Amino acid sequence: MDSGKTKQRNFVLVHGVCHGAWCWYRVATALSSAGHRVTALDMAACGARPGRADEVPSFEQYSAPLLDALAALPEGEEKAVVVAHSFGGQSLALAMERQPDKIAVAVFVTATMPAAGKPMSFAFKQGKDFFMDCTIQTTGDPQDPDETFLFGPEYMARRVYQLSPPEDLTLAMSMVRPSRRFLNDATMNGDVLTAGRYGAVRRVYVVAEDDEWKPAEIQRLMVSWNPGTEVKALQGADHMPMFSKARELSELLMEIADK
């Protein structure tokens, strides 16, 4: 690394539904090769972490790996550039509210981006639901059930990875795990996000223009709820820009961090 040209940044990468830290392997390699510090996290019961989705009692516990990673940053150290994909935007939003002083910039990559003053579940309910060969199972209290879901191979191929390299789709089919939806969670449905904390963090939204699952108009709708959000667009990106546009996304993240 030429320290005269590149300042080392601290990137924290947060995956989306059914995925894990593994999905960032291309982007993490590009960022670390450029001299940056990179931490790709597994949320609770995701990726390589033990446990099952139905054993995670709350959205707060699901998001604990991110909250803990930010809390562990020493005071005065370089703030984190937190990059969240898909459902990971909800965990990022909670982290922005809890620890705004630890985040230099929050980057939402075709991610769910809630609005201050609205329940996080409101944003989650926008856009298309799961269908085709996806699996949804009921779990928990029969009087107040929650759901876990898992992407089906056909759905992944046609709606999620349709522009991604076939080897990455093959990897994903072997790695995805069921995720809990937290439909009835107190944090997801509460008045949690405030303009003074969540709304005070610099944020950038990366629109995946060819996302078949979370269409670009839904992405921009969420941006409209958050005045001041910077918007960057990736042409030819499906719901998995870290695969379909890995080089372009990596360069864009470094550009955002250096601004």
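Sequential numbering from 1 along the given sequence is applied to the chain's residues. Since the model is a prediction, treat every value here as computed from it, not as a measurement.
To the nearest 0.5 angstrom, Asn10 atom CG is 6.0 Å from Thr39 atom OG1. Atom CE in Met156 sits 8.0 Å away from atom CG in Leu150 (nearest 0.5 Å). Between Tyr161 atom OH and Glu212 atom CD the span is 15.5 Å, to the nearest 0.5 Å. Atom-to-atom distance recorded for Glu97:CD and Gln99:CD is 11.0 Å, nearest 0.5 angstrom.
Trp24 and Leu163 fall into different hydrophobic clusters, where Ile, Leu, Val, Met, Phe, Trp and Tyr residues are linked whenever their side-chain heavy atoms come under 4.5 Å apart, directly or through other members.
By the 30° and 60° cut-offs, the orientation of the rings of Phe149 relative to Phe151 is perpendicular. Between Tyr62 and Phe87, the ring-plane angle classifies as perpendicular under the 30° and 60° cut-offs.
Glu78 meets the salt bridge (Lys or Arg N to Asp or Glu O under 4.0 Å) test with Lys7, Arg9; sequence neighbours excluded. For His15, the ring-ring contact (aromatic ring centres under 6.0 Å, His included) criterion is met by no residue, not counting sequence neighbours. Every residue two or more places apart in sequence or in another chain was checked for a side-chain hydrogen bond (donor to acceptor under 3.5 Å, both in side chains) with Ser32, and none qualifies. Judged as a salt bridge (Lys or Arg N to Asp or Glu O under 4.0 Å), and not counting sequence neighbours, Lys118 has no contacts. Tyr198 meets the ring-ring contact (aromatic ring centres under 6.0 Å, His included) test with no other residue; sequence neighbours excluded. By the salt bridge (Lys or Arg N to Asp or Glu O under 4.0 Å) test, Arg203 is found to be paired with no residue, residues two or more places apart in sequence or in another chain being considered.
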task: For the pair Trp225 and Phe122, evaluate ring-ring contact (aromatic ring centres under 6.0 Å, His included) and give the outcome as yes or no after the intermediate values.
output: CA-CA 11 Å; Trp225 301 339; Phe122 178 79; 5.2 Å; yes

- request: May I have the step-by-step check of salt bridge (Lys or Arg N to Asp or Glu O under 4.0 Å) for Lys232 and Glu255, ending in yes or no?
  value: CA-CA 11 Å; Lys232 306 290 185 179; Glu255 174 189 313; 3.6 Å; yes

Test log, rule salt bridge (Lys or Arg N to Asp or Glu O under 4.0 Å), inputs Asp168 and Arg26: CA-CA 10 Å; Asp168 290 322; Arg26 291 184 185 273; 2.9 Å; yes

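Salt-bridge formation is detected for the pair Glu77/Arg37: a Lys NZ or Arg NE/NH1/NH2 atom is positioned less than 4.0 Å from an Asp or Glu carboxylate oxygen. With salt bridges taken as basic N to acidic carboxylate O contacts below 4.0 Å, one links Glu55 and Arg52. The existence of a salt bridge linking Glu251 and Lys245 is excluded, since no basic side-chain nitrogen approaches an acidic carboxylate oxygen closer than 4.0 Å.
Side-chain contact between Leu92 and Val14 is absent, with no heavy-atom pair separated by less than 4.5 Å. Between Leu66 and Val82, some side-chain heavy-atom pair lies under the 4.5 Å cut-off. Two residues are said to be in side-chain contact when any heavy atoms from C-beta on lie closer than 4.5 Å; Met240 and Val160 meet this criterion. Side-chain atoms of Asp54 and Gln137, non-hydrogen and from C-beta on, never get closer than 4.5 Å to each other. The closest side-chain heavy-atom distance from Ile218 to Trp213 is not below 4.5 Å. Between His239 and Ser164, the closest side-chain pair of non-hydrogen atoms is not below 4.5 Å. Counting only heavy atoms from C-beta outward, the side chains of Lys214 and Thr112 approach each other to under 4.5 Å.
Between the side chains of His85 and Thr110, no donor-acceptor pair of N or O atoms lies under 3.5 Å. Using modelled atom types, one finds no donor on one side chain facing an acceptor on the other under 3.5 Å when comparing Asp185 with Ser58.
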